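What follows is one structure encoded as structure tokens, with my remarks underneath.
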Amino acid sequence: MTTTLHIRPDGSEFAPFYSGYVANVPDGDIVAVLRDGARELSAVLASIPEERGGFRYAEGKWSVREVLGHVIDAERIFTYRALRMARGDQTPLASFDENAYVGAAGSDARTIADLSEELMAVRESTIRLFASLPDEAWARAGVASANPVTVRALAYITAGHAHHHLRILRERYLGS
């Protein structure tokens, strides 16, 4: 039997921009996927030396600390959208300028350890939100960034976005 937590969103449930994020999420219970992602994030972040926090792989690219701050901000925004929609709120939600958020966050003044701790707290909150949803909430939809999106899609986007940035950290920042 397929439960609500195992149903992958189809392309009608999110904007095409997010299709790569959704496609990279493994099949299975999305809450379990988010838990597994937290363990993977924690392990990788623990391996990054503090002195590497300001590293940028190219001019104009975010530092390691800024990438972490961006993942934190985006996860909060995605789950805020999911909460609003899960509760039946139909108010269209604005987009956000990720570069402006990174510039205003001040992540480079923080330590990797502090950012990692915050990211793990945000992820725990994300897991608790999605784990608490009743079955009927997963298919609820709203509008974010002028595009329709379902709660289910937002769970996958949240997981896929973090996975995307974890891959970039490994490939471009850590060389592994």
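The shown structure was predicted, so the numbers you read here are calculated from the model rather than taken from an experiment.
Within the model, atoms NE2 of His164 and NE2 of His161 stand 6.5 Å from one another, a figure rounded to the nearest 0.5 Å. In this structure, CD on Glu40 lies 10.0 Å from CG on Leu45, to the nearest 0.5 angstrom. Note that the CD atom of Glu124 and the CG atom of Leu119 stand 12.0 Å from one another [nearest 0.5 Å]. Interatomic distance, CG of Leu83 versus CZ of Arg76, reported as 14.0 Å (0.5 Å rounding). Atom CD1 of residue Ile7 and atom CG of residue Asp29 lie 11.5 Å apart, to the nearest 0.5 angstrom. Here CH2 of Trp62 is found 11.0 Å from CG of Leu169. Values are rounded to the nearest 0.5 Å.
By the 4.5 Å heavy-atom criterion applied to side chains, Leu174 and Val44 are counted as neighbours. For the pair Arg170/Ser47, no side-chain contact is recorded, criterion being any heavy-atom separation below 4.5 Å from C-beta on. Side-chain contact check for Trp138 versus Ile30: some heavy-atom pair is nearer than 4.5 Å. Side-chain contact check for Val151 versus Phe130: some heavy-atom pair is nearer than 4.5 Å. Side chains of Tyr80 and Arg84 form a contact here, defined as non-hydrogen atoms less than 4.5 Å apart.
Screening residues 138-148 for salt bridge (charged side-chain N to carboxylate O under 4.0 Å, His left out) gives no qualifying pairs among residues at least two apart or on separate chains. Sorted by first and then second residue, the salt bridge (charged side-chain N to carboxylate O under 4.0 Å, His left out) pairs with a member in residues 99-108 read Arg56-Asp108, Arg65-Asp108; sequence neighbours excluded.
Phe17 is not connected to Val143 by any chain of hydrophobic side-chain contacts under 4.5 Å among Ile, Leu, Val, Met, Phe, Trp and Tyr, and they are in different clusters. Linking ILVMFWY residues whenever their side-chain heavy atoms come closer than 4.5 Å, directly or via other members, leaves Leu41 and Ile77 in distinct clusters. The same ILVMFWY cluster, assembled from side-chain heavy atoms under 4.5 Å apart, contains both Val102 and Ile168.
Side-chain contact, Asn147 with Ser145: no donor N or O sits under 3.5 Å from an acceptor N or O. Between the side chains of Arg152 and Tyr156, not a single donor N or O lies within less than 3.5 Å of an accepting N or O.
His163 meets the ring pair (Phe, Tyr, Trp, His ring centres under 6.0 Å) test with no other residue; sequence neighbours excluded. For Phe96, the ring pair (Phe, Tyr, Trp, His ring centres under 6.0 Å) partners at least two apart in sequence or on another chain are Tyr101. Every residue meeting the side-chain contact (heavy atoms from CB on, under 4.5 Å) condition with Arg110, not counting sequence neighbours, appears here in chain and number order: Asp114, Leu115, Glu118.
In terms of heavy-atom proximity, Ala137 sits nearest to Leu133 at CB-CB, 4.2 Å. Of all heavy-atom pairs spanning Ala159 and Leu34, the tightest one is CB-CD2, 3.7 Å. Taking all atoms of both residues into account, the shortest heavy-atom contact from Thr126 to Glu75 is OG1-OE2, 2.8 Å. Closest of all the heavy-atom pairs between Ala144 and Met85 is CB-CE, 4.1 Å. Between Ser19 and Phe14, the shortest heavy-atom contact is CA-CE1, 3.5 Å. The heavy-atom pair separating Val149 from Ala153 by the smallest distance is CG2-CB, 3.9 Å.
Heavy atoms from other residues, nucleotides or ligands lying under 6.0 Å from CZ of Arg52 number more than 12. Within a 6.0 Å sphere centred on CD of Glu136, heavy atoms belonging to other residues, nucleotides or ligands number more than 12.
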Tabulate below the donor-acceptor pairs under 3.5 Å that side-chain atoms of residues 20-27 make, not counting sequence neighbours, or state none.
residue: Asn24; atom: ND2; partner: Gly20; partner atom: O; Å: 3.0
residue: Asp27; atom: OD1; partner: Arg8; partner atom: NE; Å: 3.1
residue: Asp27; atom: OD1; partner: Arg8; partner atom: NH2; Å: 2.9

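A donor-acceptor pair under 3.5 Å links the side-chain atoms of Thr158 to the main chain of Leu154, judged by distance alone.
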